[in-house]
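Below: one structure, written as structure tokens.
Ligands are counted one by one from 1 in listed order, and the atoms in each one are counted from 1 as well.
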Amino acid sequence: TALDQPTASTPLDLPGWRHAYSGKVRDLYVPADPAADAAAPDLNAASRVLVVASDRVSAFDHVLEPGIPGKGVLLTTLSLWWFGQLAGIPNHLLANTATAGTDDAAGIPAAAAGRAMLCRTLDMFPIECVVRGYLTGSGWKEYQASQTVCGLPLPAGLQNGDRLPEPIYTPAWKAPMGEHDENISFERTVELVGADVAAELRRLSLETFRRASAIAEQNGVILADTKFEFGADRATGEITLADEVLTSDSSRYWDAVLWQTGTTPEQRMSSFDKQIVRDWLSAHWDQTGTPPALPEDIIERTAARYRELLTRLAGDTPVA
Ligand code: ATP
Ligand code: MG
């Protein structure tokens with residue numbers, strides 16, 4: 001299976017495709033144009049894009065070494081499952097194993113099998129649409145200082161890991177590669193994308209979060225927070241859900257029973273997500289210079305938790 005393949009952390013050689021862009025975790029490819037010269041291919045000139053999740057892992061906006069074997073396949077499998085659960089929310093998928101039967105039939109090259117999504121190229125909005133249903137992480141830090149999260153006032157007396165009275169939308173500005181994303185107010189998103197789009201991004205984010213939370217809870221899992229990315233369809237302008245969705249990279253997930261019964265923050269927030277990596281890194285790195293290599297047991301634990309989340313949510317969905 002793809003999980004047994006060696007860690008894929010660098011762009012792949014994919015017949016029929018050319019590498020166009022690498023983010024911290026995903027590599028984007030556009031259809032190879034035999035007429036094109038050796039110049040770097042332009043993502044914006046292509047209507048189709050192959051989004052391939054590597055095994056790279058990032059934390060605090062740094063790509064860490066080594067990768068986590070199987071992670072890219074897990075992220076893509078989970079994203080595809082969630083897109084399938086979210087009927088009615090327009091998404092960027094053109095074809096995938098679920099609709100085409102196999103990766104091959106969907107036009108996905110064998111070397112990227114299990115880790116790729118064939119998508120419409122969208123005009124991405126420079127906004128990370130963060131929704132938080134629970135108080136933790138940077139939100140908890142800010143709350144302790146000012147009883148707010150991203151400037152939004154909250155009731156007094158909340159503890160780390162508590163459920164918020166209502167899910168809140170706390171957008172961030174997508175910083176260019178190498179810079180840190182920056183929390184911004186809703187008003188700032190209006191300046192960036194206009195009032196109508198800003199309102200629609202907030203509405204869609206909150207609606208998707210509510211639907212996903214309910215599905216997660218039915219499976220014994222709490223969706224604490226997540227980040228969506230949307231883009232505009234180039235032909236119709238329709239606001240479309242893109243990138244990865246509701247994965248253990250883009251979200252915090254906790255065990256619902258432990259959250260209820262746990263007595264320590266560690267028990268209540270027993271993460272199915274990257275928190276394991278963040279916690280280890282915080283304890284072993286002062287965020288200057290190059291981050292240290294992740295030890296084997298942290299890699300193993302993270303991979304195991306990513307696998308368990310997929311099993312809990314999607315049941316026996318085969319991992320390619
Ligand atoms: P950055 O965007 O700064 O590189 P990142 O490190 O989070 O951030 P990745 O998630 O690794 O990047 O890469 C995925 C990239 O692909 C993101 O820039 C995302 O906005 C972009 N993307 C996802 N889906 C689409 C799409 N359908 N059309 C165009 N771009 C897309
Ligand atoms: Mg990303």
Side-chain angles (χ1 to χ4, degrees), residues 8-12 17-31 40-64 67-68 71-76 78-80 82-83 86 89-96 106-108 112 115-131 171-182 184 192-193 201 204-205 208 225-252 273-274 277-278 291:
S9 56
T10 48
L12 303 163
W17 296 88
R18 286 192 68 189
H19 177 242
Y21 177 82
S22 284
K24 286 183 286 293
V25 171
R26 268 157 289 281
D27 300 308
L28 307 189
Y29 301 80
V30 295
D42 183 5
L43 180 63
N44 297 311
S47 60
R48 291 186 305 155
V49 58
L50 193 66
V51 178
V52 181
S54 75
D55 291 342
R56 296 190 293 272
V57 55
S58 75
F60 307 118
D61 289 326
H62 284 261
V63 177
L64 308 174
I68 298 183
K71 176 171 175 281
V73 173
L74 290 166
L75 293 183
T76 298
L78 193 54
S79 285
L80 290 173
W82 273 119
F83 280 127
L86 297 169
I89 310 278
N91 70 56
H92 67 157
L93 294 180
L94 276 173
N96 61 68
I108 291 171
R115 46 175 92 247
M117 300 186 291
L118 185 62
C119 302
R120 276 178 288 157
T121 312
L122 303 173
D123 292 326
M124 299 298 292
F125 299 113
I127 293 173
E128 312 230 307
C129 298
V130 178
V131 183
W173 178 67
K174 250 178 84 79
M177 196 73 163
E179 290 173 47
H180 290 279
D181 297 341
E182 183 188 311
I184 53 176
L192 286 167
V193 296
L201 290 178
L204 275 170
S205 299
T208 309
D225 54 36
T226 197
K227 177 213 71 175
F228 302 110
E229 286 188 36
F230 294 88
D233 182 279
R234 289 172 170 185
T236 65
E238 184 173 46
I239 297 181
T240 305
L241 186 56
D243 207 50
E244 61 177 348
V245 273
L246 296 156
T247 69
S248 2
D249 267 12
S250 66
S251 323
R252 284 192 175 91
D273 54 56
K274 228 163 57 172
V277 172
R278 289 192 205 100

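Under a 3.5 Å cut-off, the side chain of Asp55 and the backbone N or O of Lys71 do form a donor-acceptor pair. In this structure, Ser248 contributes its side chain and Asp273 its backbone to no donor-acceptor pair below 3.5 Å.
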Are any protein N/O atoms closer than 3.5 Å to the N/O atoms of ligand 1? If there are, list each pair with names and the distance to one decimal place.
| unit_1 | atom_1 | unit_2 | atom_2 | d |
| --- | --- | --- | --- | --- |
| ligand 1 | 2 (O) | Lys174 | NZ | 2.7 |
| ligand 1 | 4 (O) | Tyr21 | OH | 2.4 |
| ligand 1 | 6 (O) | Lys24 | N | 2.8 |
| ligand 1 | 6 (O) | Lys24 | NZ | 3.0 |
| ligand 1 | 10 (O) | Arg26 | NE | 3.2 |
| ligand 1 | 10 (O) | Arg26 | NH2 | 3.1 |
| ligand 1 | 11 (O) | Lys24 | N | 3.1 |
| ligand 1 | 11 (O) | Val25 | N | 2.7 |
| ligand 1 | 11 (O) | Arg26 | N | 2.7 |
| ligand 1 | 20 (O) | Glu229 | OE1 | 2.6 |
| ligand 1 | 24 (N) | Asp243 | N | 3.2 |
| ligand 1 | 27 (N) | His92 | ND1 | 2.9 |
| ligand 1 | 27 (N) | Arg120 | O | 2.9 |
| ligand 1 | 28 (N) | Leu122 | N | 3.1 |

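Salt bridge status for Asp42 with Arg18: absent, with no side-chain N to carboxylate O gap under 4.0 Å. At a threshold of 4.0 Å, the pair Arg252-Asp225 counts as salt-bridged, since one of the basic side-chain nitrogens sits closer than that to a carboxylate oxygen. In summary, Arg120 and Asp233 engage in a salt bridge, as defined by a charged side-chain N under 4.0 Å from a carboxylate O.
In this structure, a donor-acceptor pair under 3.5 Å is present between the side chains of Asp27 and Ser22.
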